[in-house]
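Only this structure's heavy atoms are used, side chains among them; waters, hydrogens and symmetry mates stay out. First listed ligand is number 1; within each ligand, the first listed atom is number 1. No experiment lies behind these values; they were computed from the predicted model shown.
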Amino acid sequence: MHAAILFVALAALGGGGGGCVPSERAALLDVRRGFTGDPDGALSSWTGLDTGCCRWRGVVCDNATGRVAELRLCNALADAGSTGLSGEISPAVLRLPRRLSHNSLSGGGVASPPPPLPRFIGALSALRYLNLSNTYVTGEVPPQLGNLSRLVTLDLSYLAGLYSADLSWLAGLTSLEYLDMGSVNLNASVGWARDVNTLPSLRVLSLPLCGLTMTPPANLTRLQRLDLSSNAINASTADDAWLWHVPTLTYLDLSGNSLSSPFPDAIGNMTGLQVLDLNGNTMAGMIPATLQHLCLLQVLDMTVNQISGDMSDFMARLPRCALGHLRVLQLSAANVSGRLPEWIGDMSQLTYLDLSFNNLAGKIPQGIGKLSKLTRLFLNKNNLNGSLSEAHLWI
Ligand SMILES: *[C@@H]1O[C@H](CO)[C@@H](O)[C@H](O)[C@H]1NC(C)=O
Ligand SMILES: *[C@@H]1O[C@H](CO)[C@@H](O)[C@H](O)[C@H]1NC(C)=O
Ligand SMILES: *[C@@H]1O[C@H](CO)[C@@H](O)[C@H](O)[C@H]1NC(C)=O
Ligand SMILES: *[C@@H]1O[C@H](CO)[C@@H](O)[C@H](O)[C@H]1NC(C)=O
Ligand SMILES: *[C@@H]1O[C@H](CO)[C@@H](O)[C@H](O)[C@H]1NC(C)=O
Ligand SMILES: *[C@@H]1O[C@H](CO)[C@@H](O)[C@H](O)[C@H]1NC(C)=O
Ligand SMILES: *[C@@H]1O[C@H](CO)[C@@H](O)[C@H](O)[C@H]1NC(C)=O
Ligand SMILES: *[C@@H]1O[C@H](CO)[C@@H](O)[C@H](O)[C@H]1NC(C)=O
Ligand SMILES: *[C@@H]1O[C@H](CO)[C@@H](O)[C@H](O)[C@H]1NC(C)=O
């Protein structure tokens, strides 16, 4: 009797000993059953024989409570060509009532496997970290994820073919700080910005390649990193888009969209910005004078836009207060013309300078020689004349 009680207590404490809460172990076994492909044996340690699920690969338990706190199921071998875990989340299964528990599936072998991230994940309610990136999961993002109210980090990026037409389940993730759903098809999820807006602690939002167009206004006043690259955001309304009004941003990547309006003055409100990437849009006209307020800027990428102005004017609008830490300036194929000012040499921290495919003319200024940190310099496809000589090497 005492021994039995002791055993239960130990199992519940789990943690370092590798034990685990039985209901969570059952849920993990369900998750495992849902993955129909596991070419690298990532889940080979997840067996019904081992009661210590906290020892299983990719499972991290909380030392104090013994409950599953992290699931690291991401595919670390993606670069080596592995598909990683694979499975499919079928909308039909998601709609089934609760009777489809793990017990009903364990015996048959005839029944199709449960989806890998089904409602069972609701049993892992202490989960703080879930990373499935680069695996081969297809189907609809299960709204049951919204039950994971302690989740701090959710990385669903680069799964093979996930989609979601409705992100309202996000509202349940009240602890979420990091959300990456890169390449999940959200093109039908018109309310995505409003849904994301409900997350009070969100710091990082990464939604590249999601098929997003511009959407209802949001008010993400605590966001630090925003990556909306490679979407279909055309924001003829860019002038007053909510994203220009997020004062806490340090990183903004809007590359590969269809922004075609002039650069909005409101960019100057993002005074914490260190990285601004607008590569590959068709934004037109000179950069705004308000850019002067971006005193922390380190990386500015305006490749492939239609600035259509003079290089001296462009340079004059770069934030003077940031010249001491600007590391990367990319302005290829931006239709800038005129001469390259001598004072380019004042950007002492510049490591990467790309001005190729423009209409720059005149001599290459000797100021270039002062850029002692420069490792990459592209000036090709311009009308520059003269030559680089020893005079350019030191000043
Ligand atoms: C749990 O304990 C292990 C081993 O003692 C330690 O390495 C780990 O950092 C601890 N984890 C947490 C979240 O405290
Ligand atoms: C998720 O896992 C991938 C690959 O294992 C890793 O590169 C990535 O940084 C992880 N994401 C987070 C948020 O920790
Ligand atoms: C889990 O989420 C589903 C779908 O959002 C919901 O119907 C269900 O009540 C939730 N379960 C718990 C235990 O919160
Ligand atoms: C949304 O994505 C689906 C699947 O890729 C595609 O068939 C559909 O045409 C897309 N819709 C829009 C409006 O882009
Ligand atoms: C945005 O949120 C802040 C803080 O939560 C609030 O004070 C402000 O009224 C909101 N603005 C809009 C336009 O919703
Ligand atoms: C911008 O995208 C919306 C939604 O896809 C579309 O209706 C509109 O025509 C587009 N506007 C431009 C200027 O491309
Ligand atoms: C943001 O910028 C616009 C245009 O420059 C300006 O009218 C507005 O007052 C600014 N808003 C804030 C909150 O600074
Ligand atoms: C390039 O800039 C010039 C002015 O410098 C302008 O006349 C021309 O229309 C621009 N070309 C394009 C394709 O926008
Ligand atoms: C270089 O270009 C400038 C302006 O385009 C011109 O005045 C000058 O004569 C050119 N110098 C040489 C050596 O071709």
May I ask you to decide whether D346 forms a salt bridge with K370, counting only side-chain N to carboxylate O separations under 4.0 Å? yes
Can a salt bridge be assigned to the pair R32 and D38 using a cut-off of 4.0 Å between side-chain N and carboxylate O? no
Looking at W242, does the NZ or CZ of R194 lie under 6.0 angstrom from its six-membered ring centre and within 45 degrees of the ring axis? no
Any donor-acceptor N/O pair, D40 side chain to A42 backbone, under 3.5 Å: no
Just one of N257, D301, N305 clears the side-chain hydrogen bond (donor to acceptor under 3.5 Å, both in side chains) bar with N279, so which one? D301
Just to be sure I'm reading this right: ignoring hydrogens, which of I307, N335, N305, T282 gets closest to atom 10 (C) of ligand 8? Compare them by their nearest heavy atoms. N335
Can you pull out the closest protein heavy atom to atom 11 (N) of ligand 4? Residue, atom name and distance to 0.1 Å, please. N187 ND2, 2.8 Å
Quick one: do L331 and V328 end up in the same hydrophobic cluster if we chain Ile, Leu, Val, Met, Phe, Trp and Tyr together by side-chain heavy atoms under 4.5 Å apart? no
Got the closest protein heavy atom to atom 4 (C) of ligand 8, with its distance? S308 O, 3.9 Å
Under 4.0 Å from a heavy atom of T153: give me the atoms of ligand 2 that qualify, with their elements. 13 (C)
SG proximity flag C20/C53, limit 2.5 angstrom: yes
Within 6.0 Å of OH in Y136, more than 12 heavy atoms from elsewhere: no
Measure from atom 14 (O) of ligand 2 to the protein's non-hydrogen atoms and state whether any distance is below 4.0 Å. yes
Between R57 and S44, is any side-chain donor less than 3.5 angstrom from a side-chain acceptor? no
Taking non-hydrogen atoms only, is N75 closer than 4.0 angstrom to ligand 2 via side chain, backbone, both or neither? neither
Return the closest protein heavy atom for atom 5 (O) of ligand 2 as residue, atom name and distance. C74 SG, 2.8 Å
For ligand 2, which atoms, with element, lie under 4.0 Å from some heavy atom of Y178? 13 (C)
A student checking ligand 2 against S133 at a 4.0 Å heavy-atom cut-off should list atoms 1 (C), 2 (O), 3 (C), 4 (C)
Under-4.0 Å heavy-atom contact between protein and atom 7 (O) of ligand 4: no
Considering non-hydrogen atoms of the protein only, which is the closest contact for atom 12 (C) of ligand 2, and what is the distance? Y129 OH, 3.3 Å
Near Q306 (heavy-atom distance under 4.0 Å), the atoms of ligand 8 are 12 (C), 13 (C), 14 (O)
Counting only heavy atoms on the protein side, is anything nearer than 4.0 Å to atom 2 (O) of ligand 4? yes
Any idea which atoms of ligand 2 are less than 4.0 Å away from a heavy-atom of N131? 1 (C), 2 (O), 3 (C), 8 (C), 10 (C), 11 (N), 12 (C), 14 (O)
